[in-house]
Amino acid sequence: MLMWLRMAPALHLIFLLIIHRVSSAEWGVNYSPTQFCALQNSTMTISCTFKYPSTGYQIMKAFWNIDQVKQGGEFADLSNNPEYSQRLQYLGDKQQDCTVRLSHVTKKDEHEYYFRFTTNVTKGIWIGYPGVHLSVTDLQLESPERVTEGDSVRLTCNSSCKLTDTPTFIWYRNSHTLTNIGDELNIRSVSRREAGNYRCGVQGQTYISPAVYLDVRYAPDTPVISNRSAVIMEGDSVILNCSSDSNPPALNFSWFKGETFVGSGRIFNISKISSDDSGKYKCRARNDLGEKYSDPVTLDVQYPPRTISVSINRSAVIMSGDSVTLSCSSDSNPPAEINWFKGKMVVRSGRIFNISKISSDDSGEYKCRYKNVHGEKYSDPVTLDVQYPPRNVSVSVTDSGHLWSDSVSLMCISDSNPPALNFSWFKENQSSAVGSGQSFSAVQSGRFYCEAHNPHGAQRSDAITVTVHQGAGRNIIITVTSVGILIIFIIVIMFAILSKRKSRRSAGKQSAISDTYAGLDLQSATSDLYNTLTSVHHRPAENSCSTLDPQSSSEHHNPPINRRRLQ
């Protein structure tokens, strides 16, 4: 019967009209729309009205059926179907309005829906044919698989049928609702920030499409170099890490010091860094879309002072009054504080030590010290030997002489560098020198001065007055010698007398002849001593203190002089 109704609806209608003898215009069911496309999990409403003759007819039963399915020979009431009973809701009055609502539609709900009613008149029945065809669709998002940053991109929200209810499409990116509406999402110049999972949906509906990932590819961003420490000490291990944002991820990393390639890989390791490794480093990240260099990173390798030295701007000979500049150089990082020492005393700071007019007081050992936060170091000492011609030349009397000295020893004293080794002696009012050497014996009275010489010049002393008493010294020496001999002789005689007395006591008596001889021997010895003394020391007749002519005796020549150099 169902198949027959599908194949011959017109005959069925004619048959009903014949039975009830009424016009077809009095019977009917009107659907709106007859083709329904609903979004999966949405709610669809079928507008429905029906009519029948108003006279003599009463509605006995009104219901919806799918696919004209019969149960027990009668069309099945859809509200009795467990799959629909909770989702089907009649909105009409079942007298003329047969509007129905079906919620949470799924693909299983794709059927032909019919409205059927019966009246109190036998055979006064009607089914609205053709029914309403329901299609259920989901949403599918179309998107390019890969795009490159800067490209134009179009995403389309598609359904398998055209939705009956005019939809308002909305868009989502990573669960955030976008402001764009419509079944198409156009991005004129896509950026990496717009990469992500996209979905579309219909406003007012809970169903949204499955997510589609928009993969935005781009060349590496400027790489960033990270370092574990800001302060790098010589000998430390240093690790540099190069990172860059890129899609696809950069797998090619290269390292450069300046413009020189020094390594590859994302990590650059220097196990024991030295000052030679100081400099600017950069890395390069590369993928299929391009490459980019990082900003340079400076490795500042620090260390205490080392290799310290002092240089001088002059030759080895420094003259008093010269300008002398000492320069201290060292290798250190960070730069060191520089101090100059003379001995143990700090005399100046700074790399350059300048003495504009050097003097002998500036002579001595100098050294410089470099000091930074990591240590200190001293240079080897440098000796400044300030030279100058003789100065402060003076004459010193080294032997002031006795009362009757026949010469006076003089010494020439001077301050000079190098020490004076050449000395000349002059007597005032005489043009030629009267002696040489640092020591000089004056045998004449007068005013004498000396002149000291070194390679840088000469200077003379002031003159001093010397008085020499010539000859007296020799006579005094002879007299002293004669007196000494006489004293010795007297001691001998006294010893002899004492010996004879001792002999008398022991022997008893002694003859007169022996005593006579003894007295004669003493007188003879005394006479011989007197003659000897008078022959050795001839006394002048008048004045024993008179001086001799210095020109008449060779004994008054200058004695040898021990010369010593004054430092």
Engineer: Kindly compute the distance separating OG (S320) from CD1 (I358), expressed to the nearest 0.5 Å.
Structural biologist: 8.0 Å
Engineer: Find out whether V190 and L214 are in side-chain contact, i.e. whether some heavy atom of one side chain is under 4.5 Å from a heavy atom of the other.
Structural biologist: yes
Engineer: Between N287 (side chain) and L289 (backbone), is there a donor-acceptor pair under 3.5 Å?
Structural biologist: yes
Engineer: Counting N and O atoms only, with roles assigned by atom type, does the side chain of K257 sit under 3.5 Å from a partner on the main chain of S278, one being a donor and the other an acceptor?
Structural biologist: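 Looks like yes, one N/O pair under 3.5 Å.
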Engineer: Near K342 NZ, under 6.0 Å, is it more than 12 heavy atoms from other residues, nucleotides or ligands?
Structural biologist: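 Enclosed.
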Engineer: Within the distance-only criterion (no hydrogens, no angle test), does the side chain of S363 pair as donor or acceptor with the backbone N or O of V386 below 3.5 angstrom?
Structural biologist: yes
Engineer: Is the closest side-chain donor-acceptor distance between E142 and N158 under 3.5 Å?
Structural biologist: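 Present: a donor and an acceptor within the cut-off.
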Engineer: Identify the two heavy atoms, one from L299 and one from L240, that lie closest to each other, and give their separation to 0.1 Å.
Structural biologist: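 Of all heavy-atom pairs spanning L299 and L240, the closest is CD2-CD2, 4.1 Å.
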Engineer: Ignoring hydrogens, what is the shortest heavy-atom contact between A285 and P220? Give both atom names and the distance.
Structural biologist: O-CG, 3.6 Å
Engineer: Would you check if I464 and L410 make a side-chain contact, meaning some heavy-atom pair closer than 4.5 Å?
Structural biologist: yes
Engineer: Is the count of non-hydrogen atoms from other residues, nucleotides or ligands lying under 6.0 Å from K377 atom NZ greater than 12?
Structural biologist: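 Counting neighbours around NZ of K377, 12 or fewer heavy atoms of other residues, nucleotides or ligands fall under 6.0 Å, so no.
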Engineer: Which residues pass the side chain to side chain donor-acceptor pair (under 3.5 Å) test with E376, sequence neighbours left out?
Structural biologist: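 Scan of E376 (side chain to side chain donor-acceptor pair (under 3.5 Å), adjacent residues dropped) gives none.
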Engineer: Should S311 and L326 be marked as a side-chain contact (heavy atoms from CB on, under 4.5 Å) after you check the CA-CA gap, both sets of side-chain angles, and the distance that decides it?
Structural biologist: CA-CA 6 Å; S311 61; L326 300 177; over 6 Å; no
Engineer: Would a 4.5 Å heavy-atom cut-off, applied to side chains only, mark H374 and M233 as touching?
Structural biologist: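 When only atoms from C-beta onward are counted, M233 and H374 do touch, with a gap below 4.5 Å.
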Engineer: Do R460 and Y449 meet the cation-pi criteria used here (NZ or CZ under 6.0 Å from the six-membered ring centre, within 45° of the axis)?
Structural biologist: yes
Engineer: To the nearest 0.5 Å, tell me how far N422 CG sits from S436 OG.
Structural biologist: 8.0 Å
Engineer: May I have the step-by-step check of side-chain contact (heavy atoms from CB on, under 4.5 Å) for N333 and S275, ending in yes or no?
Structural biologist: CA-CA 9 Å; N333 188 25; S275 57; over 6 Å; no
Engineer: Side chains of Y207 and D138: closer than 4.5 Å at any heavy-atom pair?
Structural biologist: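 Yes, close enough: below the 4.5 Å cut-off.
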Engineer: Any chance the rings of Y366 and F341 have centres within less than 6.0 Å?
Structural biologist: no
Engineer: Which pair of non-hydrogen atoms, one from S396 and one from I413, has the smallest distance, and what is that distance?
Structural biologist: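 The pair with the smallest heavy-atom distance is CB-CD1, 3.6 Å.
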Engineer: Taking atom CG of D300 and atom CG of D277, what is their separation to the nearest 0.5 Å?
Structural biologist: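 Reported value, rounded in 0.5 Å steps: 12.5 Å.
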Engineer: side-chain contact (heavy atoms from CB on, under 4.5 Å), that's the test. Do T148 and Y218 meet it? Break it down for me.
Structural biologist: CA-CA 6 Å; T148 302; Y218 49 92; over 6 Å; no
Engineer: What pairs meet the side chain to side chain donor-acceptor pair (under 3.5 Å) rule with one or both residues in residues 344-354, with sequence neighbours excluded?
Structural biologist: T325-N354
Engineer: I'd like to check the side chain to side chain donor-acceptor pair (under 3.5 Å) partners of T465; sequence neighbours left out, ordered by chain and number.
Structural biologist: R447
Engineer: Would you give the length of the straight line joining atom CD of Q205 to atom CG of L39, rounded to the nearest 0.5 angstrom?
Structural biologist: 6.0 Å
Engineer: For S237, is there any backbone N or O sitting under 3.5 Å from a side-chain donor or acceptor partner on S271?
Structural biologist: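 No; zero donor-acceptor contacts below 3.5 Å.
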Engineer: Are any side-chain N or O atoms of S209 and backbone N or O atoms of C200, one a donor and one an acceptor, separated by less than 3.5 Å?
Structural biologist: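 It does hold such a pair.
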Engineer: Tell me, please, which residues at least two apart from F256 pass ring pair (Phe, Tyr, Trp, His ring centres under 6.0 Å).
Structural biologist: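 F256 satisfies ring pair (Phe, Tyr, Trp, His ring centres under 6.0 Å) with F261, Y293 only.
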Engineer: Using the salt bridge (charged side-chain N to carboxylate O under 4.0 Å, His left out) criterion, which residues pair with R286? Sequence neighbours excluded.
Structural biologist: E291
Engineer: Under the side chain to side chain donor-acceptor pair (under 3.5 Å) test, which residues partner E365, sequence neighbours left out?
Structural biologist: none
Engineer: Between T177 and R199, is any side-chain donor less than 3.5 angstrom from a side-chain acceptor?
Structural biologist: no
Engineer: Working to the nearest 0.5 angstrom, can you tell me the gap between I267 CD1 and W255 CH2?
Structural biologist: 9.0 Å
Engineer: Could you tell me whether a side-chain N or O of Q430 sits under 3.5 Å from a main-chain N or O of K427, the two making a donor and an acceptor?
Structural biologist: no
Engineer: So do V434 and F440 actually touch side chain to side chain, heavy atoms under 4.5 Å?
Structural biologist: yes
Engineer: State, with a plain yes or no, whether a side-chain heavy atom of I225 is found less than 4.5 Å away from one of F268.
Structural biologist: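 They are not in contact (no side-chain heavy atoms under 4.5 Å apart), so the answer is no.
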Engineer: Which residues satisfy the side-chain contact (heavy atoms from CB on, under 4.5 Å) test with S309, sequence neighbours excluded?
Structural biologist: S329
Engineer: Examine distances only and state if a side-chain atom of W340 and a backbone atom of V346 form a donor-acceptor pair shorter than 3.5 Å.
Structural biologist: no
Engineer: Is there a salt bridge (Lys or Arg N to Asp or Glu O under 4.0 Å) between R193 and E149 once you walk through the steps?
Structural biologist: CA-CA 10 Å; R193 294 186 301 274; E149 192 170 37; over 6 Å; no
Engineer: Does L155 offer a backbone N or O that forms a donor-acceptor pair with the side chain of W171 under 3.5 Å?
Structural biologist: no
Engineer: D415: which residues meet the side-chain contact (heavy atoms from CB on, under 4.5 Å) condition with it, sequence neighbours left out?
Structural biologist: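 side-chain contact (heavy atoms from CB on, under 4.5 Å) list for D415, sorted by chain: Y388, R391, N392.
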Engineer: Could you tell me whether K357 atom NZ has more than 12 heavy atoms of other residues or ligands within 6.0 Å of it?
Structural biologist: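 Check fails, neighbour count at 12 or below.
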Engineer: Can you check whether V105 reaches S42 side chain to side chain, under 4.5 Å on heavy atoms?
Structural biologist: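 In short, these two side chains touch, coming nearer than 4.5 Å.
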Engineer: Would you say the side chain of N454 lies within less than 4.5 Å of the side chain of L421, judging by non-hydrogen atoms?
Structural biologist: no
Engineer: Report yes or no: do R284 and S254 form a side-chain donor-acceptor pair below 3.5 Å?
Structural biologist: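 Yes.
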Engineer: Report the C-alpha separation of L163 and V202 in whole Å, then their side-chain angles, then the decisive distance to 0.1 Å, and conclude whether the side-chain contact (heavy atoms from CB on, under 4.5 Å) test is met.
Structural biologist: CA-CA 10 Å; L163 294 172; V202 174; 4.2 Å; yes
Engineer: Please identify each residue that fulfils side chain to side chain donor-acceptor pair (under 3.5 Å) with T137, with sequence neighbours left out.
Structural biologist: S160
Engineer: Grab the two heavy atoms, one from F423 and one from S414, that are nearest each other, plus how far apart they are.
Structural biologist: CE2-OG, 4.2 Å
Engineer: Rounded to the nearest 0.5 Å, what separates atom OG in S461 from atom CZ in F426?
Structural biologist: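 These two atoms lie 10.5 Å from each other.
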Engineer: For K282, check salt bridge (charged side-chain N to carboxylate O under 4.0 Å, His left out) against everything at least two apart and list the hits.
Structural biologist: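 So K282 forms a salt bridge (charged side-chain N to carboxylate O under 4.0 Å, His left out) with E259.
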Engineer: Which pairs with one or both residues in residues 231-310 pass disulfide (SG to SG under 2.5 Å), sequence neighbours excluded?
Structural biologist: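 Qualifying pairs: C242-C283.
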Engineer: Using every non-hydrogen atom in the two residues, find where P381 and K367 come nearest and quote the distance to one decimal.
Structural biologist: CA-CB, 4.1 Å
Engineer: Could you pull out all residues at least two apart from D245 that satisfy salt bridge (charged side-chain N to carboxylate O under 4.0 Å, His left out)?
Structural biologist: R192
Engineer: Between G201 and L139, what is the shortest heavy-atom contact and its length?
Structural biologist: CA-CD1, 3.7 Å
